[in-house]
Chemist: 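Handing you a structure now.
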2 protein chains.
Amino acid sequence: MNPYLNHAKHLVAVDCIIFGYDLPDKELKLLLLKRIFEPARDKWSLAGGFVQADESLDDAACRILRKLTGLDSVYMKQSYCYGDVGRDPGDRVISVAYYALTSIRDIDSDIVMRNGVHWHSVSRLPDLIFDHNAMVKKALSDLQNDIKITPAGFELLPEKFTLVQLEELYKAIYQHDIDRRNFRKKVVALGILEKLEEKETETSKRGAYYYRYNRETIEKLKREGFYFDLEVS
Amino acid sequence: MNPYLNHAKHLVAVDCIIFGYDLPDKELKLLLLKRIFEPARDKWSLAGGFVQADESLDDAACRILRKLTGLDSVYMKQSYCYGDVGRDPGDRVISVAYYALTSIRDIDSDIVMRNGVHWHSVSRLPDLIFDHNAMVKKALSDLQNDIKITPAGFELLPEKFTLVQLEELYKAIYQHDIDRRNFRKKVVALGILEKLEEKETETSKRGAYYYRYNRETIEKLKREGFYFDLEVS
DNA sequence: CCAAAAGTGTTCGAATTACACCCATGA
DNA sequence: TCATGGGTGTAATTCGAACACTTTTGG
């Protein structure tokens, strides 16, 4: 007898918590879309989709993200698997949550329009369907922890950024103020930032130096067991 | 049209990484069982089972643990969801890994016998089926992180334990030595331990005081936003 | 010259580390 | 009395937190 027979099979979905950082607004945002079918039609929802037969969970997450944003190769990470029986009133669905980090301006605005999606500030989220609010809460907490020990936060910024922008990003993610001087000391001490000649002069007369971070250096350090530490108060 | 139709359904399993602490041996152990069906018959495997139609993931994990150990209400935590297409050669199975913490002597040895299970030292594990070695590795890493910020480690000890035993436990989990004096200072400073009159006199002539920890105190502190910190070097 | 944002150092206290000797007891 | 394991304290250092003024420049 085949031990794989006679067991229930389940719909398995992937839901993506897509974080984007709005540089001008200095706000961490979330890409949401209006659900176009019942149950809960017209309520806000995370981007989700069902896992296909020949597709890994990671692949499914990438596919869903690509379909909605046009983006490939963004930072993605599995957050948690949600499997309560009644969590989706439409049917029993087990859902694996992934979170993605992207800079908002990376997203093709045509695609954004066409899918009826919208960026919402994480600090003023609407009610989402099912357990999606809990998913966001957990993913944000994961993100807050991840950026302490990996350079994931940088994924939310464009290639070139100023230290002020980096600081504002961390404030937006932690949702509290941080000390500018201590933050700069710590982030510079990491040794992964490269100061450019160029300045950003839109937001101030004086201008702020652009920095970029070197992915190769980071990869090298990670291979050497480098422990990134950017805990902030 | 029903949006839930026409999607692939999947076998979903739960695999339990059951950690136990062997007090006399001072070793962190893992409950493994010999697989009794193909594929990979007779290879060592984690305790697993399929999620039923009317059962949450957490419930499935509890059921599997109970069946194998007779234990209810042990510390369990979801670790990660594994969903690569070819991970189980028998069929496409998506597997949610949970880890459990228990003191070895809590387990009904009849049940252990009957199920042909065996405790293995985590530092000398055999080859496991499929991706189970990776699951263990990830779960151990999760555990190492968890015991820094929650009192989960205590779940691996009996009700009464000595500070020496607690220290040996942490050594076994981190798989490196720690400084006895610094560890004791830190763990006592947490204020969650109660020193008993009684001494443990089996292993030394002098005897070591038993301690126990007060679950109620911990619950209260957790509600107050208490941050347990037992990072050790 | 002034408003607005960028940039910079120091001091203090707390926490972590490193480290070695005395104690109690049963055999 | 001695071998065995239990128990303790201190000094040095590092790390994190708090805190305010100077610089630049365009308008």
Side-chain angles (χ1 to χ4, degrees), chain A residues 23-26 144-145 147-149 157-158 160-172 174 176-191 193-212 226-233, chain B residues 23-27 144-145 147-149 157-158 160-172 174 176-212 226-233:
Chain A
L23 211 44
D25 282 7
K26 302 176 182 175
Q144 289 171 342
N145 288 322
I147 62 171
K148 287 175 193 166
I149 55 168
L157 291 173
K160 294 183 301 187
F161 52 87
T162 69
L163 292 187
V164 177
Q165 290 169 339
L166 185 60
E167 183 201 337
E168 293 293 342
L169 168 67
Y170 270 72
K171 280 197 223 172
Y174 285 120
H176 63 65
D177 277 1
I178 57 185
D179 184 279
R180 185 157 34 124
R181 289 161 290 188
N182 293 338
F183 179 80
R184 291 167 89 105
K185 256 181 293 180
K186 209 158 177 178
V187 76
V188 168
L190 291 173
L193 289 184
E194 193 179 340
K195 188 176 186 172
L196 306 181
E197 297 291 311
E198 197 184 351
K199 280 186 163 185
E200 189 275 336
T201 49
E202 304 268 304
T203 50
S204 88
K205 295 159 187 167
R206 180 175 176 178
Y209 283 104
Y210 274 121
Y211 287 73
R212 74 169 165 225
F226 167 68
Y227 178 77
F228 185 95
D229 179 0
L230 200 51
E231 181 132 32
V232 292
S233 54
Chain B
L23 211 44
D25 283 7
K26 303 176 183 176
E27 275 193 330
Q144 289 171 343
N145 289 321
I147 62 171
K148 287 175 193 167
I149 55 169
L157 292 173
K160 295 184 299 186
F161 52 86
T162 70
L163 292 187
V164 177
Q165 291 169 340
L166 185 60
E167 183 201 336
E168 293 292 344
L169 168 67
Y170 269 73
K171 280 198 222 171
Y174 285 120
H176 64 64
D177 277 0
I178 57 186
D179 185 278
R180 185 158 36 125
R181 289 162 289 189
N182 294 337
F183 179 79
R184 291 168 88 104
K185 256 182 292 178
K186 209 158 177 177
V187 76
V188 168
L190 289 174
I192 58 174
L193 290 184
E194 194 179 340
K195 188 177 188 171
L196 306 181
E197 297 291 312
E198 196 184 354
K199 279 186 164 187
E200 189 274 336
T201 49
E202 304 267 303
T203 50
S204 89
K205 296 159 188 165
R206 179 176 176 178
Y209 283 104
Y210 274 121
Y211 286 74
R212 74 169 165 225
F226 167 67
Y227 178 77
F228 185 94
D229 179 358
L230 200 49
E231 181 132 30
V232 292
S233 54

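The shown structure was predicted, so the numbers you read here are calculated from the model rather than taken from an experiment. Each chain gets a letter, A, B and so on, in the order the sequences are listed, and its residues count up from 1.
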Chemist: Given atom CD of B:E167 and atom C1' of D:dT8, what is their separation to the nearest angstrom?
Modeler: 13 Å
Chemist: Write down the distance between CZ (B:R180) and P (C:dC22), rounded to a whole number of angstrom.
Modeler: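 The distance from CZ of B:R180 to P of C:dC22 comes to 15 Å, rounded to the nearest Å.
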Chemist: Under 4.0 Å, heavy atoms only, any strand: does B:T203 hit a base, just the sugar-phosphate, or nothing?
Modeler: sugar-phosphate
Chemist: Got B:L163 and B:V188 here, is their nearest side-chain heavy-atom distance under 4.5 Å?
Modeler: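 Side-chain contact under 4.5 Å: yes.
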Chemist: For the residue pair B:K160 and B:Y210, would you count it as a cation-pi contact if the rule is NZ or CZ under 6.0 angstrom from the ring centre and within 45 degrees of the ring axis?
Modeler: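 Judged by the rule, B:K160 and B:Y210 form a cation-pi pair.
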Chemist: Nearest whole angstrom, please: distance from the P of C:dA6 to the NZ of A:K195.
Modeler: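 From A:K195 NZ to C:dA6 P: 13 Å.
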Chemist: Decide yes or no for B:L166 and B:F183: does some side-chain heavy atom of the first lie under 4.5 Å from some side-chain heavy atom of the second?
Modeler: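 Yes, close enough: below the 4.5 Å cut-off.
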Chemist: Please pick, from C:dA6, C:dG9, D:dG7, the nucleotide with the shortest atom-to-atom distance to any side-chain atom of A:R181.
Modeler: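 Selected nucleotide (nearest to the side chain): C:dG9.
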Chemist: Kindly say if A:R184 contacts the phosphate of C:dG7, meaning a side-chain N or O under 4.0 Å from OP1 or OP2.
Modeler: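 A:R184 to C:dG7 OP1/OP2: side-chain N or O found under 4.0 Å.
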Chemist: Do the side chain of B:Y209 and the main chain of B:E198 share a donor and acceptor less than 3.5 angstrom apart?
Modeler: no
Chemist: Just the rounded figure in Å: distance from P of C:dG9 to CZ of A:F183.
Modeler: 18 Å
Chemist: C:dG7 C1' sits how many Å from A:L166 CG, rounded?
Modeler: 15 Å
Chemist: For the side chain of A:N182, counting heavy atoms from C-beta on, which of D:dT8, D:dC19, C:dG7 is nearest?
Modeler: D:dC19
Chemist: Atom CD of A:E168 to atom C1' of C:dA5: distance rounded to whole Å?
Modeler: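 Nearest whole value for this atom pair: 11 Å.
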Chemist: Whether the side chain of A:E167 engages the backbone of A:L169 through a donor-acceptor N/O pair (distance < 3.5 Å, no angle test) should be reported.
Modeler: no
Chemist: Please report, rounded to the nearest Å, how far the P atom of C:dA5 is from the CG atom of A:L163.
Modeler: 17 Å
Chemist: Rounded off to whole Å, could you give me the NZ-to-P distance for the B:K186 and C:dT17 pair?
Modeler: 7 Å
Chemist: B:Y211 vs B:E194, test: side chain to side chain contact (heavy atoms under 4.5 Å, CB included). Steps then yes/no.
Modeler: CA-CA 5 Å; B:Y211 286 74; B:E194 194 179 340; over 6 Å; no
Chemist: Can you say whether a donor on the side chain of A:R206 sits under 3.5 Å from an acceptor on the base of C:dA6, or the other way round?
Modeler: yes
Chemist: Got a donor-acceptor contact below 3.5 angstrom from the B:E200 side chain to the B:E202 backbone?
Modeler: yes
Chemist: For B:V164 and B:K205, take the nucleotide of DNA chain D holding the closest heavy atom to each; which residue's nucleotide lies nearer the 5' end?
Modeler: B:K205
Chemist: Across the strands shown, which category fits A:K185 at heavy-atom distances under 4.0 angstrom: base, sugar-phosphate, nothing?
Modeler: base
Chemist: Looking at five pairs on each end of the helix from C:dC1-D:dG27 to C:dA27-D:dT1, what is the angle between the two axes, given to 10 degrees?
Modeler: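 Inter-axis angle at the termini of the helix from C:dC1-D:dG27 to C:dA27-D:dT1: 10°.
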